[in-house]
Number of protein chains: 2
Amino acid sequence: MSIPKKEITSDKIKDSAKKLFTTKGYSATTIRDIAKESQVNIALINYYYRSKENLFRIIMEESFEQLFKQIIPILNNKDTTLEEKIESLVNNYLEFLLEFPELPLFVLNELKNNPKHLETKINLKKKVSKSSLINQIMAKNSEINPLHFVFNLLGMIVFPFIMKPVISSSKLLENEIFNQIINERKHLIPLWMNSIFNSKTEIDIFNQITKTK
Amino acid sequence: MSIPKKEITSDKIKDSAKKLFTTKGYSATTIRDIAKESQVNIALINYYYRSKENLFRIIMEESFEQLFKQIIPILNNKDTTLEEKIESLVNNYLEFLLEFPELPLFVLNELKNNPKHLETKINLKKKVSKSSLINQIMAKNSEINPLHFVFNLLGMIVFPFIMKPVISSSKLLENEIFNQIINERKHLIPLWMNSIFNSKTEIDIFNQITKTK
DNA sequence: CAAAATTTTAAACAAAAGTTTAAAAAAATT
DNA sequence: AATTTTTTTAAACTTTTGTTTAAAATTTTG
């Protein structure tokens, strides 16, 4: 029997708020919802976090951090091959998303709605575009804009979680199948990415012919 | 010089509401926002649409229709090959999304937040799973759950539009580049999908060997 | 052109939501 | 143990928001 450790009130509030914000969105979540969920007085939320917006900002920054920052070191690691990076990215990220499946849709959507978090965005974009991953992709395929492959890789990893609300109702069985499919993708996506890198366009073939001439 | 045709008030309201709902979400959009955007009196919105929720329902159904219903006939067409279906899907859908880039994130997000639109979802799932496309995919690759390829195809088409708020700020130049990349994907995605279909797993190779024995 | 129907407006209403206040309760300090 | 500090509570306050009302303006109809 585990001793129910007394959670700190401010954390209890933040956890409840995060749960509600990620599932219902910012505007649809009220202070009273958060108070009810965390079983504290309404005034305590303002006592600890000053305002709803400030509480949201803190949670948003945390979620953003969770969702993006962990992949940066993988992209920037100069000691790994492209194949190793992809495998690492697919495994770590899918494992992470299985734990927090609502995070992508939440962050991407709030990012669209709130034009505030711009600084973080610009930073992210710069870091990705100058990463070791991009260099390795360009070395492998110089004809095609590397952004295409980033879209493909991230899309194959993240998109099922964004589609999840469409395909799976609240049935537990379906959730089981979904998780199984995600686990299958852990080894399939690296395979597919490799096929994509090696698929030749008409232009590529043309260039090869003219070169050998 | 085009004569500015006088738009019907009820349509003016609906169009403004759609614009605001899709960019800001349901809860963040107020009746007063809609009134301001469409330059009508607040009371007119309730006069024509009874309530905010009813107006939203109408717009949501329209958006849902736009986003999903047009692809169903392509998936179900028994007179086209798998390759033709993919090409048609990629071309039509990317062209459509270039015109309404915020639609996917909006619909997918509201679908998650509002557990109301369930009927439409179940219908959609059934239609897709019994479609000609799924049969053709299974005929081509029986080892892998066809849902994988649906995720990949839709992901490659839709995901860039979901990532758009992250990568592109409001700069027009970046929007130009984005559109160019999407246009490139029109011929790249069918190519990639073909590569993905033909990429062999270890299990496939094993099965081939044991068969030829 | 007058009457009727429809559309539009300003104002008010009621409920919801974020925030503040001041006192009570609990915990920490001396 | 008494005092000070921190945490929690109930209640009220202020805005915001969806909705309604009743009158005015406009359009349609007979």
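Quick note on labels: first sequence line is chain A, next is B, and so on, each numbered from 1. Since the structure is predicted, the reported quantities are computational estimates derived from the model, not experimental observations. Basis for what follows: all heavy atoms, side chains included, without hydrogens, waters or symmetry-related copies.
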**Asked** Does A:T9 make a side-chain N or O approach to OP1 or OP2 of D:dT8 shorter than 4.0 Å?
**Response** yes
**Any pair counted as salt bridge (charged side-chain N to carboxylate O under 4.0 Å, His left out), so long as it reaches residues 178-187 of chain B, sequence neighbours left out** = B:E95-B:K186
**Asked** Does B:E87 reach the main-chain N or O of B:P190 with its side chain, forming a donor-acceptor pair under 3.5 Å?
**Response** no
**Prompt:** Atom CG of B:L44 to atom C1' of C:dA11: distance rounded to whole Å?
**Reply:** 15 Å
**Request:** Measure the distance from CD1 on B:I8 to P on C:dT6 and round it to the nearest whole Å.
**Result:** 16 Å
**Message:** Any salt bridge linking A:K18 with A:E62? Criterion: basic side-chain nitrogen under 4.0 Å from a carboxylate oxygen.
**Reply:** yes
**Request:** Report the distance from atom CD1 of A:I45 to atom C1' of C:dT19, rounded to the nearest whole Å.
**Result:** 11 Å
**Asked** Within the distance-only criterion (no hydrogens, no angle test), does the side chain of A:D33 pair as donor or acceptor with the backbone N or O of A:T30 below 3.5 angstrom?
**Response** yes
**Asked** What's the CD-C1' distance between A:Q39 and D:dT9, to the nearest Å?
**Response** 15 Å
**Asked** Please give, in whole Å, the distance from C:dA17 P to A:K36 NZ?
**Response** 12 Å
**Message:** Without decimals, in angstroms, what is the distance between B:I34 CD1 and D:dT16 C1'?
**Reply:** 15 Å
**Request:** Identify whether any heavy atom of A:Y48 sits under 4.0 Å from a base atom; if not, whether one sits that close to sugar-phosphate; answer base, sugar-phosphate or nothing.
**Result:** sugar-phosphate
**Fill in**
The contact string for nucleotides 18-25 of chain D, one letter per nucleotide 5' to 3', using protein heavy atoms under 4.0 Å with B, S and - for base, sugar-phosphate only and none, comes out as BBBB----
**Prompt:** So B:F151 and A:F159, would you call those rings parallel, tilted or perpendicular, with 30° and 60° as cut-offs?
**Reply:** perpendicular
**Prompt:** What class does the angle between the rings of A:F56 and A:F106 fall in, given that below 30° is parallel, 30 to 60° is tilted and above 60° is perpendicular?
**Reply:** perpendicular
